[in-house]
Amino acid sequence: MIKISLPDNSVMEFEEGVTGLEIAQAISSGLAKEVLAISVDDEVWDLHRPINKDAKIKLHKWNDEEGKHAFWHSSAHLMAEALEKLYPGIKFGIGPSIEYGFYYDVDPGGWTITDAELPAIEKKMKELASQKQEYVREEVTKKRALEYYRKKGDEYKVELIKELEDGTISFYKNGDFTDLCRGPHLPHTGYIKAIKLLSVAGAYWRGDENSKQLTRIYGITFPKQKMLDEYLKMLEEAKKRDHRKLGKELELFAFSQKVGQGLPLWLPKGAQLRERLENFLKKIQKEYGYNQVISPHIGQKELYVTSGHYEKYGHDSFQPINTPAEGEEFLLKPMNCPHHCEIFKHFQFSYKDLPVRYAEFGTVYRYEQSGELHGLTRVRGFTQDDAHIFCRPDQLKEEFIKVIDIILKIFRALQFENYTVQVSLRDPERKEDYIGSDENWEKSEKAILEAVKEKELEINVEYGEAAFYGPKLDFMVKDVLNRKWQLGTIQVDYNLPERFDLEYVGADNQKHRPVMIHRAPFGSMERFVAVLIEHTAGKFPLWLTPEQIVVLPISDKFNDYAKNVSNFLNNYDIRSIVDLRNEKVGKKIRDNELKKIPYLLIVGEKEVESEQVSIRRQGVGDKGAMPLKEFKDYIINEINEQLDFINQ
RNA sequence: GCCGAUGUAGCUCAGUUGGUCUAGAGCAGCUGAUUUGUAAUCAGCAGGCCGUGGGUUCGAAUCCCUCCAUCGGCUCCA
């Protein structure tokens with residue numbers, strides 16, 4: 001007999017060789033129906049795998065990550081089996097589960113798999129799923145594993161196996177399909193009831209641009225059809241909040257083929273929104289002792305040679321602008337730091353003057369690869385809410401923390417709750433990709449980690465995500481389709497001060513090198529607005545939204561009163577417009593609801609006589625009538641409450 | 001940049017196997033009627049080189065190729 005300890009610390013006794021499924025069955029038959037995988041001493045196992053010694057276990061259902069992982073990973077194998085049946089000779093790369101669903105990278109050989117083929121693959125999968133094929137685990141030697149895939153002619157699996165250690169290799173078989181796999185898997189394919197293949201994409205083998213590009217098929221599965229229906233519906237709903245769609249509908253921004261790819265045009269309402277955000281940040285920065293500066297949109301090539309950016313990015317960027325003068329070359333500014341360094345150099349600073357903080361809404365241009373452009377989140381011309389802080393080494397931590405405070409303040413003000421904080425460090429294996437001494441890198445990384453610790457931020461550490469001149473603290477936010485975007489960023493930099501030979505005079509009357517912090521709380525105005533649109537579904541907070549109020553006269557007899565109402569409000573800096581169209585009020589309500597204007601004021605005979613307005617809150621409905629003067633106070637009060645919250 | 005898909009009025013979309021397609025609809029726009037009470041009043045008008053360039057064909061929005069743009073990924077992101 002062996003002892004099995006459960007998460008609640010109770011212990012059950014079983015015969016040696018008991019399986020997870022049998023344990024679940026012993027607890028309750030309901031549990032046995034729901035369980036998908038089992039953790040045995042913190043390793044996730046199949047439910048069929050015999051347990052031969054005392055162990056601590058945890059049973060995983062759908063709601064556990066481990067349960068979903070087993071489910072989706074098994075689904076990837078099921079898809080592979082279907083693919084092998086439909087496309088004989090197809091070769092397989094890797095096929096993992098992901099946050100939502102799974103994919104498999106395949107080399108279809110002579111076949112081309114497109115979206116049009118997905119329904120047929122799905123159908124095959126359903127057919128195989130209903131056969132309740134067992135997922136059978138088999139431990140194999142490296143030699144046998146290599147033999148199997150060499151014979152099969154699958155060079156991708158051979159490559160993977162070569163890197164594995166003998167004695168740790170297992171195969172899983174479902175139906176006629178055998179895969180190199182660590183597991184765990186479901187007991188059989190019958191668990192998979194609802195299947196949807198979502199898309200086909202290209203993906204480089206092992207993520208290397210120079211390797212062959214495989215075909216990646218994304219899919220998702222569920223134990224119940226209803227769950228799939230709900231998921232697909234959720235996806236549809238999310239697409240309605242896509243900033244590209246709403247940006248067009250709400251007339252915030254546009255693109256023009258003639259102007260150029262990735263070069264956004266801010267329409268009046270979008271420009272207004274952005275300006276308000278900029279002013280909001282400017283005010284905060286003023287409080288934190290920043291000075292606004294302005295630098296030109298181009299700079300001599302030499303400037304970027306000095307900074308090191310030219311060497312790193314010059315080749316793949318917008319190419320130098322030539323002038324009538326022989327040999328003279330300018331670059332469109334791809335970042336603001338070198339300019340700010342030159343501003344710093346203009347002065348002679350003493351240690352008493354530091355920190356010096358230069359802020360600029362600086363528009364920069366980067367030649368992003370065409371396939372990477374994406375709405376406002378990835379563009380070729382964008383405005384960073386940039387600033388550079390030049391400080392003494394002993395001020396670094398304090399300054400860094402102050403920047404974290406600004407970012408957190410902004411996120412809180414705009415109610416960004418679902419962000420993650422990422423410490424982006426060098427790839428320790430590829431130090432040659434970065435400039436600067438190891439010593440400086442270590443100092444920078446230490447500064448960030450200390451600041452983060454002091455602020456008690458929960459962080460993820462990502463290696464290889466640093467900028468080439470220094471490590472970063474990045475604030476990541478997801479869009480409606482769960483894609484991660486970097487918004488706020490803070491970077492410690494010992495390198496540029498050296499390259500630009502920046503100095504201040506210390507208390508010892510000697511020259512010293514300042515440390516530089518690069519930071520952008522929004523990241524870029526474009527990306528921030530994009531994510532803001534998706535988070536709010538276009539319903540911006542009252543203080544921020546371009547149009548706060550629309551006045552709807554019931555017929556043109558009341559147009560003058562409506563105009564008076566609007567003018568009255570505008571005199572108090574409340575942003576209102578009037579809908580004077582010759583339409584029924586129902587129509588005006590509908591159209592303005594869709595424009596997501598927060599307050600709709602309906603005025604007719606009653607309101608004219610009593611100097612009132614009837615209030616309708618967007619998305620909520622009729623709120624009754626109120627004297628105009630009272631409404632004015634009501635709105636001002638609501639806006640002030642929001643601003644007070646922000647300024648706390 | 002790479003793989004796959006898509007591209008028809010300002011917007012959302014029809015357009016069957018190439019043949020009254022001289023390309024349609026709804027919304028938006030304009031004109032007129034209507035004077036309206038909480039999510040679409042009616043009628044009329046106007047609006048398109050069917051992304052671009054080339055080809056196949058008696059005939060192309062429809063088939064083929066080039067380029068451009070967009071979408072989903074990959075790679076990249078100072």
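Residue numbers begin at 1 in each chain, while the letters A, B, ... track the order of the sequences.
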(request) Please measure how far the C1' atom in G1(B) lies from the corresponding atom in G19(B), and state the result in whole Å. (result) 42 Å

(request) Whole angstrom is fine here: how far is it from CG in Leu250(A) over to P in C11(B)? (result) 16 Å

(message) The criterion is side-chain contact (heavy atoms from CB on, under 4.5 Å); which residues satisfy it with Thr420(A), sequence neighbours excluded?
(response) Asn460(A), Met476(A), Lys484(A)

(message) For the CD atom on Glu372(A), are there more than 12 heavy atoms of other groups (residues, nucleotides or ligands in this structure) within a distance under 6.0 Å?
(response) yes

(message) In whole Å, measure the gap between the C1' atoms of A78(B) and C64(B) for me.
(response) 43 Å

(request) Note every stem involving RNA chain B: at least three consecutive Watson-Crick or G-U wobble pairs, i with j then i+1 with j-1, with both distances under 3.5 Å. (result) B:1-7 with B:68-74, B:10-13 with B:24-27, B:29-33 with B:41-45, B:53-55 with B:63-65

(request) Round to a whole Å and report the spacing from NZ of Lys588(A) to C1' of C27(B). (result) 18 Å

(request) Tell me yes or no: between the side chains of Ser576(A) and Gln548(A), is some donor less than 3.5 Å from an acceptor? (result) no

(request) Side-chain contact test, heavy atoms from C-beta onward, threshold under 4.5 Å: evaluate it for Phe540(A) versus Lys596(A) and give yes or no. (result) no

(request) Give me the ring orientation class for His518(A) and His388(A): parallel if the planes are under 30° apart, tilted from 30 to 60°, perpendicular past 60°. (result) perpendicular

(request) With C1' as the reference atom in both, quote the distance from U35(B) to A46(B) in angstrom, rounded to an integer. (result) 26 Å

(message) Does any part of the side chain of Phe344(A), heavy atoms only, come nearer than 4.5 Å to the side chain of Phe500(A), both counted from C-beta?
(response) no

(message) What verdict does the salt bridge (Lys or Arg N to Asp or Glu O under 4.0 Å) test give for Arg430(A) and Asp433(A), after you've listed the backbone C-alpha separation in whole Å, the side-chain angles of each residue and the deciding distance to 0.1 Å?
(response) CA-CA 6 Å; Arg430(A) 302 178 60 101; Asp433(A) 288 356; 2.9 Å; yes

(request) Just jot down the side chain to side chain donor-acceptor pair (under 3.5 Å) partners of Arg616(A), sequence neighbours excluded, or say none. (result) Glu593(A)

(request) With C1' as the reference atom in both, quote the distance from U8(B) to C13(B) in angstrom, rounded to an integer. (result) 9 Å

(message) Taking G10(B) as the reference, what is the distance to C50(B) when you measure between their P atoms (whole Å, please)?
(response) 13 Å

(message) Less than 6.0 angstrom from the centroid, inside 45 degrees of the normal: does Arg617(A) satisfy that with respect to the ring of Tyr599(A)?
(response) yes

(request) Provide, to the nearest angstrom, the distance between the CD atom belonging to Glu117(A) and the C1' atom belonging to A5(B). (result) 12 Å

(request) Sticking with atom C1', work out how far U6(B) lies from G51(B), rounded to a whole angstrom. (result) 11 Å

(request) Write down the distance separating the C1' atoms in C71(B) and C30(B), rounded off to the nearest Å. (result) 34 Å

(message) Can you build the contact string for nucleotides 36-42 of chain B? Use B for base contact, S for sugar-phosphate-only contact, and - for no protein heavy atom under 4.0 Å.
(response) BBBBBB-

(message) I need the full list of salt bridge (charged side-chain N to carboxylate O under 4.0 Å, His left out) pairs touching residues 109-124 of chain A, with sequence neighbours left out, sorted by first then second residue.
(response) Lys124(A)-Glu127(A)

(request) Find the distance Ile217(A):CD1 to G4(B):C1' and express it as a whole number of Å. (result) 11 Å

(request) Please state whether the rings of Tyr367(A) and Phe318(A) are parallel, tilted or perpendicular, taking 30° and 60° as the class boundaries. (result) perpendicular

(request) Determine the interatomic distance between C1' on A60(B) and the same-named atom on G15(B); round to the nearest Å. (result) 14 Å

(request) Between protein and nucleotides 69-78 of chain B, map the contacts as a letter string: B base, S sugar-phosphate only, - none, heavy atoms under 4.0 Å, written 5' to 3'. (result) SSSBBBBBBB

(request) Identify which one of Lys212(A), Lys91(A), Arg216(A) satisfies the salt bridge (charged side-chain N to carboxylate O under 4.0 Å, His left out) criterion when paired with Asp107(A). (result) Lys212(A)

(request) In whole angstrom, give the distance that lies between atom NZ of Lys258(A) and atom C1' of U52(B). (result) 12 Å

